[in-house]
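See below for the structure under consideration.
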Amino acid sequence: MRFSKMLLPTLKETPADADVISQKLMMRAGMIRKVAAGIYNLLPLGLRVINKVEEIVRQEMNRAGAQEVSMPVVIPAELWQESGRWEQYGKELLRFRDRHDREFCLGPTHEEVITDMVRREVRSYRELPLNLYQIQTKFRDEIRPRFGLMRGREFTMKDAYSFHATDESADLEYQNMYETYKRIFERCGLAFKAVEADTGAIGGRFSHEFTVLAESGEDAIASCDTCSYAANVERAEVREADSKSTEAPKPFERVSSPGKKTIEEVSGYLKIAPQKLIKTLIYDTDKGLVAALVRGDYELNEIKLKNITDASWVKLAEEGQVREATGSPTGFAGPIGLKIPVYADNSIKYIVNGATGANEADAHLINVNPSRDFKATYADIRNAVNADLCPRCNGHLEIKRGIEVGHIFKLGTKYSEAMGATFLDEEGKERPIIMGCYGIGIGRTAAAAIEQNHDEFGIIWPKPLAPFGCEVVAVNIKDEETSKTAVAIYGALKDKGIDALLDDRDERAGVKFKDADLIGIPVRVTIGERNLKQGLVEIKERKSGQVKLVKVEEAVAEVGSLLS
RNA sequence: CGGGGCGUGGCUCAGUCUGGUAGAGCACCGCGUUCGGGACGCGGGGGCCGGAGGUUCGAAUCCUCUCGCCCCGACCA
């Protein structure tokens with residue numbers, strides 16, 4: 001491709017509304033342009049990268065024995081009503097009506113459609129297992145789209161669904177996909193981690209996230225510094241250190257604490273460390289109001305709370321509900337005397353002479369001792385923090401940020417049962433098909449690659465994702481020798497199967513060099529008059545910045561060896 | 001949806017508080033000089049100041065309503 005002919009509008013300035021590096025660089029490099037919030041055009045350079053990612057995914061999925069299909073973006077409501085998600089999914093699901101007033105939605109994921117497809121075609125265990133995937137546009141009406149392709153509302157995703165007659169078969173495929181995902185992200189040149197994760201709205205029994213470590217990541221990952229344990233903090237198990245305090249329990253007493261509501265205020269006013277405060281949060285759930293206790297310096301993990309209470313949703317109670325449960329305004333709740341179920345984080349157990357709300361305005365209790373003064377169900381309901389004990393070994397957890405680029409789930413029979421996707425087993429017995437599902441965010445993977453591979457000048461593409469393998473820069477296109485040599489090398493590269501970009505614009509050298517650094521092609525061949533007089537051209541690697549001069553005739557071979 | 005902010009040539013922004021009829025840099029077009037790390041000079045084109053209503057002799061500027069976008073919290077590939 002010739003630069004002069006390509007729609008490749010690079011930007012000298014960073015657009016005001018971009019806030020992560022990948023988004024800024026994608027905009028500046030002329031890869032993407034915003035059409036609406038969370039909705040983007042992919043320009044030629046951007047599409048090239050997306051195609052590279054897709055091709056790697058496609059090859060590896062095929063290699064793993066999966067078959068590619070394509071499902072519609074527009075899905076009739078009935079399918080979602082069958083699975084029960086039409087009601088559950090919430091506003092992320094963009095719903096609309098056609099001219100006949102029939103209800104549809106834009107597919108945010110395709111369990112329903114694929115389950116419908118398979119239940120129509122598969123009758124016997126002989127036709128299983130099956131792994132079907134597609135690379136397709138999804139739409140999720142995100143509350144807050146941001147970070148360019150990293151969290152768009154419309155995005156391309158590879159989603160695969162597997163169908164099995166037995167649990168063992170499903171587990172085998174889960175493992176197969178786990179290995180496949182590792183290969184895919186390795187081939188993309190990414191530093192990633194597979195971590196245990198919560199199953200969320202997709203449902204199912206267990207799952208792993210594939211996370212690219214990056215400062216801008218929206219996920220917090222806890223990983224052990226000695227063993228291989230890694231999990232999303234939403235999921236990370238917390239093991240409390242046994243800390244036997246030598247302090248003697250004192251009788252509890254009520255103290256006045258006018259207007260002191262937050263942990264900092266109470267801690268400061270009563271001169272008690274946050275670690276000795278019992279934070280009491282009132283939650284509304286579909287099972288009624290509950291109280292959740294965590295140590296003052298920890299955060300409650302709502303997912304864990306939801307799991308332990310066996311509720312299908314939990315949310316922080318409103319002011320009125322807090323009054324109803326505690327008889328006091330928010331900020332003064334405590335576990336003593338509550339009539340609702342009390343769930344306490346394991347860390348509470350070790351508090352001696354702690355402080356908590358008195359369930360009356362402007363008062364707290366001090367010298368509270370959990371085992372003596374109130375009853376609670378103890379469980380792990382807090383978020384893991386840095387330096388927590390590893391649940392698997394004697395190491396400690398480190399919290400890092402990451403971008404979730406892939407997720408694999410063992411679904412079980414959630415959808416097959418709801419939608420009647422069954423098969424006949426060897427004994428002629430009808431059974432629900434066991435399912436797994438496996439997603440990869442294509443655009444997000446490309447964005448993650450930039451987050452991990454860039455410098456102050458621009459993108460540094462990992463070779464497998466680079467939109468071109470090599471950029472040929474003709475320093476002065478008006479010089480006949482330069483122009484002839486550049487075109488010849490460019491042609492020879494193409495003949496050799498190397499995708500090349502020829503910067504044949506009539507621009508000053510500086511402009512072309514800046515653009516080359518910005519768009520981040522791995523290898524640059526620079527043809528300038530001075531070197532050319534000695535029969536030499538310059539070859540520069542984007543990543544290392546290493547420059548070497550080679551003979552014109554050797555340039556193509558040198559580029560080839562740098563790219564292999 | 002709650003809280004905060006912003007909408008002025010293609011892009012980045014000034015002008016808004018203190019109304020007087022729209023600017024800069026970059027980009028774009030022409031000519032000339034320049035030419036290996038985002039050149040310079042001269043000339044030029046381009047803006048219902050997000051939209052609607054109002055106040056006023058006069059509104060980018062003040063008021064009301066609306067739409068869009070961005071940031072901080074509850075979702076996920």
Side-chain angles (χ1 to χ4, degrees), chain A residues 9-20 23 27-28 30 33-39 53 57 89-93 108-110 135-147 149-160 181 197-202 207 209-212 217-219 232 234 302-303 313-316 318 402-409 437-448 457-458 473-479 482 503 505-518 524 526-532 537-538 540 545 547:
Chain A
T10 56
L11 265 27
K12 205 183 286 188
E13 285 178 280
T14 304
D17 58 6
D19 35 59
V20 294
Q23 183 186 14
M27 296 276 255
R28 287 194 52 210
R33 288 291 184 264
K34 188 165 69 180
V35 176
I39 299 176
V53 178
V57 169
Y89 216 87
K91 292 199 186 139
E92 263 193 17
L93 185 65
T109 172
H110 280 71
I135 296 175
Q136 186 240 27
T137 304
K138 303 272 186 255
F139 192 93
R140 291 183 190 167
D141 201 356
E142 294 281 349
I143 300 157
R144 196 150 91 77
R146 58 186 139 175
F147 301 164
L149 295 194
M150 222 133 103
R151 180 186 288 274
R153 290 193 290 173
E154 188 181 292
F155 58 99
T156 52
M157 173 171 159
K158 186 283 301 181
D159 48 326
Y181 273 37
D198 188 74
T199 53
I202 309 287
S207 81
E209 266 175 26
F210 286 77
T211 299
V212 169
E218 296 183 88
D219 280 17
N232 192 303
E234 288 175 354
E302 293 189 358
I303 290 165
W313 54 267
V314 300
K315 73 178 214 282
L316 207 50
E318 314 265 327
I403 301 162
E404 180 190 3
V405 289
H407 206 154
I408 59 179
F409 300 83
C437 95
Y438 320 93
I440 289 179
I442 301 291
R444 194 181 271 188
T445 300
F457 304 110
V473 175
V475 172
N476 177 10
I477 196 72
K478 285 186 191 149
D479 175 63
T482 301
D503 194 344
R505 293 175 300 168
D506 182 14
E507 284 286 355
R508 316 185 101 238
V511 172
K512 299 193 213 187
F513 291 148
K514 290 288 183 193
D515 273 343
D517 288 345
L518 177 62
R524 186 181 91 195
T526 307
I527 294 129
E529 288 172 74
R530 289 207 261 289
N531 289 325
L532 208 49
V537 296
E538 176 191 297
K540 182 174 180 183
V547 176

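Convention: sequence-line order gives letters A, B, ...; per-chain numbering from 1. Keep in mind the model is a prediction, meaning the values are calculated, not measured.
In this structure, A:Asp515 reaches the bases: a heavy-atom distance under 4.0 Å links it to at least one base atom across the strands shown. As judged by a 4.0 angstrom heavy-atom cut-off over every strand, A:Arg153 is placed among residues making no nucleic acid contact. Within the 4.0 angstrom heavy-atom criterion, base atoms lie near A:Gly152. Contact annotation for A:Gly528: base contact, defined as any heavy-atom pair under 4.0 Å involving a base atom. Here A:Val405 lies in heavy-atom contact (under 4.0 Å) with sugar-phosphate atoms only. At the heavy-atom level, A:Asp17 lies under 4.0 Å from the strands shown only through sugar-phosphate atoms. When heavy atoms are screened at a 4.0 angstrom cut-off, A:Thr156 is found touching no nucleic acid atom at all.
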Could you go through nucleotides 22-25 of chain B and list every protein N or O atom that sits under 3.5 Å from one of its N or O atoms, giving the distance for each pair?
{"residue": "B:G25", "atom": "N2", "partner": "A:Glu13", "partner atom": "OE1", "Å": "3.0"}

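By the 5.5 angstrom centroid cut-off and the 30-degree plane limit, A:Phe155 is classified as stacked against the base of B:A77.
Partners of A:Phe155 by ring-ring contact (aromatic ring centres under 6.0 Å, His included), not counting sequence neighbours: none found.
For A:Arg508 and B:G37, the shortest distance from a side-chain N or O to OP1 or OP2 is not below 4.0 Å. Phosphate proximity of B:C70 to A:Arg146: absent, as no side-chain N or O sits under 4.0 Å from OP1 or OP2.
Base pairing annotation: B:G25 forms a Watson-Crick or G-U wobble pair with B:C11, both donor-acceptor distances under 3.5 Å.
In this structure a side-chain-to-backbone donor-acceptor pair under 3.5 Å is missing from A:Arg140 to A:Glu154.
Distance noted for atom P between B:G15 and B:G7: 10 Å (whole Å).
Residues A:Thr526 and A:Phe513 are in side-chain contact: their nearest non-hydrogen atoms beyond the backbone lie under 4.5 Å apart.
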